[in-house]
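Take a look at the structure set out below.
Reckoned from all heavy atoms, side chains included, excluding hydrogens, waters and symmetry mates.
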Amino acid sequence: MHRSELTIDLGALRRNVRTLLRALAGAKLWAVVKADAYGHGAIDVSRAVLEAGASALCVATVAEAIELRTEHRDARILCMAPVSSESELSAARAQRIELAVSSSRIPENVRVHLKLETGMGRFGLSELVHPTRDVVGLMSHLATADTDVAFAHRQIQRFDELTREHSHLTRHIANSAGALRIPAARFDAARCGIALYGLSPFGEDPAADGLEPVLGWRSHLAQVKRLEPGESTGYGRRFVAERPTWIGLVPVGYADGFRRDLTGTQVRVGDDLRPVVGTISMDSFAVELVAELPVGTPVTLLGDGVRAEHHAQVAGTINYELVSRISSDQRRARRTVVDG
């Protein structure tokens with residue numbers, strides 16, 4: 001038996017693509033599949049999203065783009081991070097990778113998207129340089145589409161002002177949050193990541209925007225034991241039993257991506273939500289049970305109502321970080337792809 005199992009539901013992924021396409025109302029959907037598709041598997045995800053109607057793939061590095069090019073010979077692939085060397089530029093040119101460029105030096109013989117700084121405070125031109133014949137798109141990035149819509153609208157207005165006279169080029173600024181809830185952000189295309197995977201960019205229940213989580217993560221009880229009053233479990237004795245207490249030990253820990261600061265979150269043991277107690281170790285964590293249960297009882301870490309958004313709230317982070325750090329190392333977990 002594996003320590004845990006990751007399940008990638010491509011059927012849910014395809015339905016999320018259709019949900020986003022409806023929200024975009026005619027704008028194109030460009031699927032962000034960087035960081036191994038946020039931990040979901042870039043090869044499988046890219047195939048499914050393109051089949052479901054996405055028009056392009058977006059990654060962070062040329063190396064990620066080249067890996068996808070071997071699988072998708074004709075797909076549009078945009079590398080969004082700066083290219084730092086001539087060898088990367090040559091590789092992008094040879095592999096027909098499109099590049100986001102944030103400087104006035106525009107490379108030749110490669111399709112370019114000029115990136116504008118409108119309020120994110122990262123990469124981008126403060127003013128638009130004259131587009132060369134290699135420029136096919138104009139882009140920016142929203143800083144607060146999930147938290148401050150008024151500021152997002154100021155960014156959108158600035159982007160429109162900078163690019164309006166070049167509206168024959170593809171203009172794109174929206175992320176998942178903008179695509180779902182800010183119609184003015186849509187322009188010609190939207191670069192959507194987190195929503196593709198059925199995760200909320202707003203930290204809410206994804207169902208509020210018609211999204212279905214794609215990733216399921218399950219393990220089991222490897223040992224069940226009873227603590228007597230005064231006995232503890234885990235490093236630092238952070239959980240000390242006040243009464244006779246049954247606990248179950250789950251063979252997943254922070255080396256697998258179940259973070260050390262998830263103490264206090266809930267997982268599903270059998271049919272019941274139960275709290276994670278004590279210090280999470282590298283290879284295991286403890287869960288408080290209502291009664292003795294058999295070894296092998298299923299434990300759901302994500303799925304079946306156990307949401308990454310809740311885990312993120314407990315850990316003081318965002319769902320993006322949680323899922324992108326789950327290990328799919330086959331020596332520790334089995335990964336299964338289903339397409340229902």
Side-chain angles (χ1 to χ4, degrees), residues 1-7 39 198-200 202-207 213 215-336:
M1 179 181 290
H2 286 79
R3 297 162 53 83
S4 68
E5 180 169 4
L6 303 173
T7 303
L199 300 166
S200 173
F202 310 102
E204 303 172 357
D205 184 344
L215 174 65
W217 192 12
R218 293 169 179 83
S219 186
H220 59 277
L221 297 181
Q223 185 176 354
V224 175
K225 61 191 301 180
R226 178 170 138 153
L227 299 180
E228 300 301 331
E231 293 182 334
S232 62
T233 183
Y235 290 111
R237 302 191 77 228
R238 291 177 64 191
F239 178 80
V240 179
E242 298 179 353
R243 60 187 183 282
T245 303
W246 286 99
I247 63 165
L249 300 177
V250 181
V252 174
Y254 57 78
D256 304 283
F258 197 81
R259 293 169 49 128
R260 197 169 184 271
D261 48 9
L262 282 174
T263 298
T265 195
Q266 292 185 320
V267 296
R268 190 174 298 280
V269 182
D271 295 326
D272 299 319
L273 288 172
R274 300 303 304 156
V276 173
V277 296
T279 300
I280 294 162
S281 301
M282 184 178 289
D283 307 306
S284 67
F285 68 85
V287 59
E288 185 178 358
L289 307 176
V290 294
E292 183 179 11
L293 292 174
V295 168
T297 297
V299 177
T300 302
L301 313 181
L302 284 173
D304 300 329
V306 181
R307 301 201 306 266
E309 290 76 17
H310 176 71
H311 288 338
Q313 185 178 27
V314 171
T317 185
I318 54 176
N319 48 11
Y320 302 67
E321 183 180 17
L322 287 176
V323 295
S324 66
R325 291 192 173 187
I326 295 173
S327 173
S328 58
D329 186 333
Q330 62 184 356
R331 295 168 297 180
R332 298 180 73 94
R334 179 172 62 187
R335 182 177 180 275
T336 302

Check: V323 and L199 side chains under 4.5 Å, non-hydrogen atoms: yes

Non-hydrogen side-chain atoms of V306 and L273 separated by less than 4.5 Å: yes

For T317, all residues meeting side chain to side chain contact (heavy atoms under 4.5 Å, CB included), sequence neighbours excluded: R259, A312, A315, E321, L322

Student check: side-chain heavy atoms of P206 and R307 closer than 4.5 Å: yes

Rounded distance [0.5 Å steps], CG in L302 versus CG in L215: 5.5 Å

Main-chain N/O of L6 paired to R335 side chain as donor or acceptor, under 3.5 Å: no

Reported CZ-to-CZ distance for the pair R268 and R274, which is rounded to 0.5 angstrom: 11.5 Å

Pair R218 + E5: basic N to acidic O under 4.0 Å: no

Value rounded to 0.5 Å, distance of CG in D272 from CD in Q266: 10.5 Å

Nearest heavy-atom neighbours spanning F258 and H311: CE1-NE2, 4.4 Å

Side-chain donor-acceptor pairs of residues 277-290 under 3.5 Å, sequence neighbours excluded:
unit_1 : atom_1 : unit_2 : atom_2 : d
T279   : OG1    : Y235   : O      : 2.7
D283   : OD1    : R332   : NH2    : 2.7
E288   : OE2    : R243   : NH2    : 3.4

From V299, I326, V250, V252, residue fulfilling side chain to side chain contact (heavy atoms under 4.5 Å, CB included) relative to S4: V252

Atom pair CZ/CD of F202 and E309 - distance to nearest 0.5 Å: 11.5 Å

Exercise: identify the closest heavy-atom pair between G270 and T297: N-CG2, 3.9 Å

For A241 against L227, the heavy-atom pair lying closest together: CB-CB, 3.9 Å

Crowding at CD, Q313 (>12 non-hydrogen neighbours, <6.0 Å): no

More than 12 heavy atoms from other groups under 6.0 Å of CG on D329: yes

Which residues share a salt bridge (charged side-chain N to carboxylate O under 4.0 Å, His left out) with R237, sequence neighbours left out: none

Straight-line distance of E292 CD to R226 CZ, nearest 0.5 Å: 9.5 Å

Derivation of the side-chain contact (heavy atoms from CB on, under 4.5 Å) call for L221 and L293: CA-CA 8 Å; L221 297 181; L293 292 174; 4.1 Å; yes

Polar side-chain atom of D256 near backbone of A333 as donor-acceptor pair, under 3.5 Å: no

Reported OG1-to-CZ distance for the pair T7 and R334, which is rounded to 0.5 angstrom: 8.0 Å

Heavy-atom side-chain proximity of R238 to S232 below 4.5 angstrom: no

Any side-chain heavy-atom pair of E228 and P244 under 4.5 Å: yes

